[in-house]
Amino acid sequence: MRGASQYSPGGAEADAESRSGYEPSGGRGLSCGRWAERGNQMRLLLIGAPGAGKGTHSGLLAKRFGLTHISSGDLLRQHVKDRTPLGLKVKSYVDNGDLVPDRIVMNMLRKPVLAAASGYVLDGFPRTVEQAKASYDVVRAFGAEVQAAIHLDVPRQELIRRLLARGRGSDDTETVIEHRLQVYRDNTLPLLEYYAGREWMFTVNGDRPTDTVHEDIVARIQKLASFTASTS
Ligand code: ADP
């Protein structure tokens with residue numbers, strides 16, 4: 001097993017990146033690159049509602065395959081905690097369960113994603129069709145486009161139960177949870193529809209023991225990788 005790493009914000013440097021004036025351009029959405037393009041590493045996306053287990057499964061996949069785990073939510077929370085200029089800008093969005101404006105999130109993620117072009121698991125981004133479209137041209141230019149998108153499907157009642165049990169802080173109160181689930185329905189479900197039918201996206205039932213879900217994801221990734229290898 002190779003070591004996993006978790007990207008953490010680089011203080012002033014990360015903030016300079018956020019002010020770099022990067023403007024997302026139009027695009028066709030993330031697409032499936034060749035598995036072997038960059039030293040056989042994987043570039044994975046985890047999509048799921050709040051509480052679906054994106055963080056847990058991203059961590060397990062990162063460990064299993066030696067990938068860098070990049071979580072937009074963790075990075076944003078770290079900025080808020082460290083009271084960086086970016087953190088002060090996004091605090092009210094995160095606390096209220098609203099989406100942080102695309103430009104801020106994209107500027108924050110561009111550097112870690114490109115730095116980990118040889119292998120990453122991206123957790124929490126893209127969250128909207130706009131983010132998916134806007135990020136496509138950037139990552140493609142670096143041969144860093146996603147190879148598989150994994151949708152973790154968990155029933156609403158179970159999501160609410162997990163989020164209340166987790167009680168992470170200001171964004172895990174009952175009212176904010178309701179709002180975040182609504183934001184997910186309004187913004188992220190259209191993303192799943194947008195990706196639907198692409199051979200590199202699959203849904204797994206996330207309402208099972210963690211190990212079972214993990215092994216299911218690994219099996220699906222391996223199947224996809226061998227399929228892609230045999231057709232490319
Ligand atoms: P969860 O999946 O439990 O909602 P995350 O840790 O992924 O939690 O995200 C926490 C918060 O960070 C979101 O409610 C939102 O405010 C912000 N956020 C994370 N990722 C994005 C993104 N891609 N676009 C906009 N806002 C984001």
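For ligands, and for the atoms within them, numbers begin at 1 and follow the listed sequence.
- When only modelled atom types and interatomic distance are considered, D123 and H69 share a side-chain donor-acceptor pair under 3.5 Å.
- In terms of the side chain to side chain contact (heavy atoms under 4.5 Å, CB included) criterion, residue partners of D216 (sequence neighbours excluded) are, by chain and number, V204, R208, R220.
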Would you give me the side-chain donor-acceptor pairs under 3.5 Å for residues 45-61, sequence neighbours excluded?
from : atom 1 : to  : atom 2 : distance (Å)
K54  : NZ     : G48 : O      : 3.0
S58  : OG     : K54 : O      : 2.6

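- At a cut-off of 3.5 Å, with distance as the only test, no side-chain donor of Q78 or D74 sits close to an acceptor on the other residue.
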Mind listing the N or O contacts between ligand 1 and protein, cut-off under 3.5 Å?
from     : atom 1 : to   : atom 2 : distance (Å)
ligand 1 : 2 (O)  : K54  : NZ     : 2.4
ligand 1 : 2 (O)  : R127 : NH2    : 3.4
ligand 1 : 3 (O)  : R166 : NH2    : 3.3
ligand 1 : 3 (O)  : R180 : NH2    : 2.7
ligand 1 : 4 (O)  : R127 : NH2    : 3.0
ligand 1 : 4 (O)  : R180 : NH2    : 3.1
ligand 1 : 6 (O)  : R77  : NH1    : 2.9
ligand 1 : 6 (O)  : R77  : NH2    : 3.0
ligand 1 : 7 (O)  : R127 : NH1    : 3.3
ligand 1 : 7 (O)  : R127 : NH2    : 3.2
ligand 1 : 9 (O)  : R127 : NH2    : 3.3
ligand 1 : 16 (O) : D98  : O      : 2.6
ligand 1 : 20 (N) : S72  : OG     : 2.7
ligand 1 : 20 (N) : G124 : O      : 3.4
ligand 1 : 20 (N) : R127 : NH1    : 3.1
ligand 1 : 23 (N) : G124 : O      : 2.9
ligand 1 : 23 (N) : Q131 : OE1    : 3.0
ligand 1 : 24 (N) : Q131 : NE2    : 2.8
ligand 1 : 26 (N) : V100 : N      : 3.0

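- Looking at R180 and D98, no side-chain N of the basic residue comes within less than 4.0 Å of a carboxylate O on the acidic one, giving no salt bridge.
- For R162, the side chain to side chain contact (heavy atoms under 4.5 Å, CB included) partners are V154, E158, D207, not counting sequence neighbours.
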